[in-house]
Participant: 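I have a structure here, written as structure tokens, and I will follow up with some questions on it.
Worth saying up front: this structure is predicted, and the values here are computed from it rather than measured.
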Amino acid sequence: MLNKHESVEKEKPQSNSKKNGVVKNGNGVNGHTLMDFSKIKTGGKFLTNVVGSEKVFCKELFSEEEKMIYEAMKDFATNELLPLSQNELNKKDEKLIRKLVEQMGELGFLGIDVPEKYGGSEMTKTGMCILAEGISFCGSPSFCTVWNVQTSIGSLGIIWYGNDEQKKKWLPGICSGEKIAAFGLTEPEAGSDATNSKTTGVLSDDGKHYIVNGQKIFISNGAWADTFIVALKIDGKFSSIVIEKGTPGFDIGKEEKKMGMEGSSTVPLYFTDCKVPVENLLGNVGDGAGPAFCGLNIGRFKLGASAIGGMILGMQHAVEYAKSRKAFGQSISDFGSIQDKLATSAILTYTLDSTCYSVIGKQTEAINELDKNDPEYYVKQGNTTEQYIAENSIVKVYGSEAAEELIDHCFQIYGGYGFIEEYPMAQAYRDNRINKIWEGTNEINRMLCGRAMITKALSGEIGFKEYLEKVDVYCNNGLDSGYEGDLKTEVECVEAAKAVYAICLNESLSKHGQDIGTEQVIIENLANILIYAYVGDSTLSRVIQNKDLYVQKNQVVPELCAKVYTAEQGIRVMEYANKILNSIYDGEIPKELESKFAKLSKRLSLSTDTIGLKKIIGEKVVEAGGYPVQSF
């Protein structure tokens, strides 16, 4: 943990801009010698790298195999699931759910992370992202939840941390769809504070079982599942164990009556002197964090990625309705305010799409450097994804909030009919609300994002000390990152946001030291700046990278999306920064900082004609009958 004296130079109390949280003199951070992290693939480096300086993974780079995977899942979702989305898939029909899950197993859509020898298809992490997007074209977030749990939190703990016997026992059935999987973490008194579990396991006198007692709540897939990865305390240590349906002392409660997600199963679990074989323990006693949180980390990413298909589907519905709805003698799709909403929807979709594939591309690169013959390969794979906690949390937060905004716009286009259950927006509106709560609330994910970046900054892992020095130079040389190209203004806007983030983070560390983790509102505002910076970086990098391709295909929308997003959201960065600095300095920000921020603020306030650009985007959405970007 950071010690307070490590982040505050008491010799210069008049200005936190002078008493930097990461001291610039000496070698390393605060005088400590650093490892050479320059060649390590890890998360957070986007902060210190200039936009467009590194290749990003995106749909335009799909291999032929990846295109086939995308089309296969999209076709299954559209042809097999979408016709059932407004009725049958909302009935909690276990027989139907099992039939569909088994169909997905036959198509290889369930064993995406599972080695072939255990019945899986073992796709890359990019393949996992492709499937997460593809299934959401089904129009049923409830069924997406079944798949998401099955392929992430319900199975990754076994894939990454299970031994060979455990994998042989459970994974083939999970991959085929014969067995449905679930994950038990949340308790009445342990929600976001997950390690505060009151569920316990005590070793039996004969040493053959753990006697489990406790309760879990809000368990997705719970009424249907055959295997449950359950978090608990054994000898006071946070651990994870697999408990099978039908185990004596294990009871499943009644279905919760929910606001949305009517077709998914959500139940409490009860354990009363439940005898679980010791062989079911994942790893050792005290190893529960890996199975529990690494699976959640990927689950968060998949939640954000699975929003993309649903957002595209929502746009299609909204355009179809807007074209057919007449007012004042013309289709409402011709109205400027309607086209503006459709344009915003396209921008949200393109930016989320860019962010998701950029994030998963980086993780895939890092995993590809692991030795598959290493006995610890799958444990290391899980640990590698943990290096990208900040990025995965960004995807979860931005994905759930972008989807919420898009649904609200599409709902509004429907007018009064949006409120009627016969139309698709009412269900979408209700179903999406939970996405800001489960897999860790968005508040928790902002905290995770903030804390992960603080750790990386202080460790030297992302070169934060050196970056702060560059920020000083950047602010003194006319705010020029060195990028040259058509999107210079937008790139410098995002680079200015990164500089603002770095300064605010450093000032926050200087003020609060080891207590920064308790300053939740400050960390939330820091996370908001970081989310803008990463989404903007990913989107602009994708557009820059595919400039020639977009020209060839006459695709003007991607660049317009990048320009509008950068301009509309960039001006909010100073709002977040002012909240942080006014809190630190009680409203009296030092002149030196004010001078820096005045310069940065100019870079963040663009003179882009967003109304005009959005008019073009909106017209393209109407013309295309929905999302207008064709990547391949």
Side-chain angles (χ1 to χ4, degrees), residues 145-162 166 169-171 173-174 179-202 209-234 237-256 258 261 264-283 285-300 303 434 437-441 444:
T145 299
V146 176
W147 177 83
N148 203 341
V149 172
Q150 183 86 356
T151 58
S152 57
I153 56 177
S155 58
L156 285 175
I158 300 170
I159 297 166
W160 287 341
Y161 298 96
Q166 291 170 332
K169 182 175 183 180
W170 293 306
L171 292 182
I174 291 173
K179 294 184 182 296
I180 291 178
F183 174 62
L185 179 66
T186 304
E187 299 182 6
E189 297 180 23
S192 297
D193 183 14
T195 56
N196 189 35
S197 175
K198 297 295 188 291
T199 300
T200 61
V202 177
H209 296 86
Y210 287 107
I211 310 302
V212 178
N213 285 280
Q215 177 184 356
K216 300 292 179 180
I217 58 172
F218 306 149
I219 306 306
S220 298
N221 287 3
W224 308 325
D226 303 283
T227 63
F228 299 77
I229 296 176
V230 176
L232 74 171
K233 290 280 185 73
I234 298 176
K237 299 175 182 178
F238 191 67
S239 307
S240 292
I241 199 166
V242 178
I243 302 180
E244 295 180 279
K245 190 175 190 175
T247 302
F250 174 27
D251 295 302
I252 297 172
K254 294 180 180 179
E255 289 283 358
E256 301 287 359
K258 302 175 301 228
M261 295 289 186
S264 69
S265 172
T266 308
V267 297
L269 311 177
Y270 302 100
F271 306 100
T272 308
D273 294 332
C274 179
K275 295 177 65 176
V276 183
V278 294
E279 293 83 10
N280 290 19
L281 183 69
L282 293 173
V285 171
D287 288 346
F293 300 131
C294 286
L296 271 176
N297 190 34
I298 289 296
R300 288 172 183 132
L303 188 151
I434 190 63
I437 296 174
W438 59 14
E439 307 286 9
T441 66
I444 287 295

Participant: Within the side chain of Thr247, is there an N or O that forms a donor-acceptor pair under 3.5 Å with the backbone of Ile243?
Facilitator: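 No; zero donor-acceptor contacts below 3.5 Å.
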Participant: Heavy-atom distance under 4.5 Å between the side chains of Lys258 and Ser264, does that happen here?
Facilitator: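 Side chain of Lys258 against side chain of Ser264, heavy atoms only: contact under 4.5 Å found.
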Participant: Under the side chain to side chain contact (heavy atoms under 4.5 Å, CB included) criterion, do Ile153 and Ile229 qualify, and how do the steps go?
Facilitator: CA-CA 8 Å; Ile153 56 177; Ile229 296 176; over 6 Å; no
Participant: So, Asn221 side chain and Ala181 main chain: donor-acceptor pair closer than 3.5 Å or not?
Facilitator: yes
Participant: Heavy atoms only: give me the nearest Phe238-Ala289 pair and the separation to one decimal.
Facilitator: CD2-N, 3.7 Å
Participant: Using only heavy-atom distances, determine whether the side chains of Glu187 and Thr199 contain a donor-acceptor pair under 3.5 Å.
Facilitator: yes
Participant: Verify, without hydrogens or angle tests, whether Ser265 (side chain) and Ser220 (backbone) share a donor-acceptor contact under 3.5 angstrom.
Facilitator: no
Participant: Aromatic ring centroids of Phe271 and Tyr210 under 6.0 Å?
Facilitator: no
Participant: Mind listing the closest non-hydrogen atom pair of Val278 and His209 along with its distance?
Facilitator: CG1-N, 3.6 Å
Participant: Does the side chain of Cys274 reach to within under 4.5 Å of the side chain of Thr272, using non-hydrogen atoms?
Facilitator: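 The answer is no; the side chains never approach within 4.5 Å.
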Participant: Just so I know, are the side chains of Leu156 and Ile298 near enough to count as touching, which here means a heavy-atom distance under 4.5 Å?
Facilitator: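 SC-SC contact between Leu156 and Ile298 confirmed.
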Participant: Give a yes or no on whether the backbone of Ile444 and the side-chain of Thr441 come within a donor-acceptor separation of less than 3.5 Å.
Facilitator: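 Confirmed, Thr441 side chain pairs with Ile444 backbone.
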Participant: Considering all heavy atoms of both residues, which atom of Glu256 and which atom of Pro268 are nearest to each other, and what is their separation?
Facilitator: OE2-CD, 4.0 Å
Participant: Less than 4.5 Å apart, any side-chain heavy atom of Thr145 and any of Trp438?
Facilitator: yes
Participant: Which distance, rounded to the nearest 0.5 Å, do you find between the CG of Leu269 and the NZ of Lys216?
Facilitator: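 Output value for this atom pair is 8.5 Å.
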Participant: Quick one, Leu296 and Arg300 - any side-chain contact, counting heavy atoms below 4.5 Å?
Facilitator: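 Contact flag for Leu296/Arg300 side chains = yes.
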Participant: How about Gln215 and Pro188: do any of their side-chain heavy atoms sit closer than 4.5 Å?
Facilitator: yes
Participant: Rounded to the nearest 0.5 Å, what's the gap from CG on Leu303 to OG on Ser152? Could you check?
Facilitator: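 With rounding to 0.5 Å, CG (Leu303) is 9.0 Å from OG (Ser152).
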Participant: Heavy-atom count check: over 12 atoms from other residues, nucleotides or ligands less than 6.0 Å from Phe218 CZ?
Facilitator: no
Participant: Say you draw a straight line from NZ of Lys179 to CD1 of Ile174; how long is it, rounded to the nearest 0.5 Å?
Facilitator: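 Atom-to-atom, Lys179:NZ and Ile174:CD1 are 8.5 Å apart.
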Participant: Check salt bridge (charged side-chain N to carboxylate O under 4.0 Å, His left out) between Asp251 and all other residues, then give those that pass, not counting sequence neighbours.
Facilitator: none
Participant: Can you find a heavy atom in the side chain of Phe183 that is under 4.5 Å from one in the side chain of Ile219?
Facilitator: no
Participant: Examine the side chains of Thr266 and Glu255 and answer whether a donor and an acceptor come within less than 3.5 Å of each other.
Facilitator: no
Participant: State, to 0.1 Å, how close Ile180 and Gln150 come at their nearest heavy-atom pair, and which atoms those are.
Facilitator: CA-OE1, 3.3 Å
Participant: Would you name the heavy atoms of Val276 and Val242 that are closest together and state the gap between them?
Facilitator: CG1-O, 3.6 Å
Participant: Keeping Ser240 on the side-chain end and Leu282 on the backbone end, is there a donor-acceptor pair under 3.5 Å?
Facilitator: no
Participant: If every non-hydrogen atom of Ala223 is compared with every non-hydrogen atom of Val267, which pair is closest and at what distance?
Facilitator: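 Closest heavy-atom pair between Ala223 and Val267: N-CG2, 3.7 Å.
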Participant: Apply side chain to side chain contact (heavy atoms under 4.5 Å, CB included) to the pair Leu185 and Val230, showing each step before the final yes or no.
Facilitator: CA-CA 6 Å; Leu185 179 66; Val230 176; over 6 Å; no
Participant: Is there a side chain to side chain contact (heavy atoms under 4.5 Å, CB included) between Asn280 and Trp170? Walk through the geometry before answering.
Facilitator: CA-CA 10 Å; Asn280 290 19; Trp170 293 306; 3.7 Å; yes
Participant: NZ of Lys275: more than 12 outside heavy atoms within 6.0 angstrom?
Facilitator: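 Counting other residues, nucleotides and ligands, NZ of Lys275 stays at 12 neighbours or fewer.
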Participant: Are the side chain of Asn213 and the backbone of Thr200 linked by a donor-acceptor contact shorter than 3.5 Å?
Facilitator: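 Judged by distance alone, no pair lies under 3.5 Å.
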Participant: Please examine the side chains of Ile252 and Phe228, heavy atoms only from C-beta on, and report whether any two atoms are closer than 4.5 Å.
Facilitator: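 Yes, at least one pair of side-chain atoms sits under 4.5 Å.
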Participant: Nearest 0.5 angstrom please: Asn196 CG to Lys233 NZ, how far?
Facilitator: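 Going from the CG atom of Asn196 to the NZ atom of Lys233 covers 6.0 Å.
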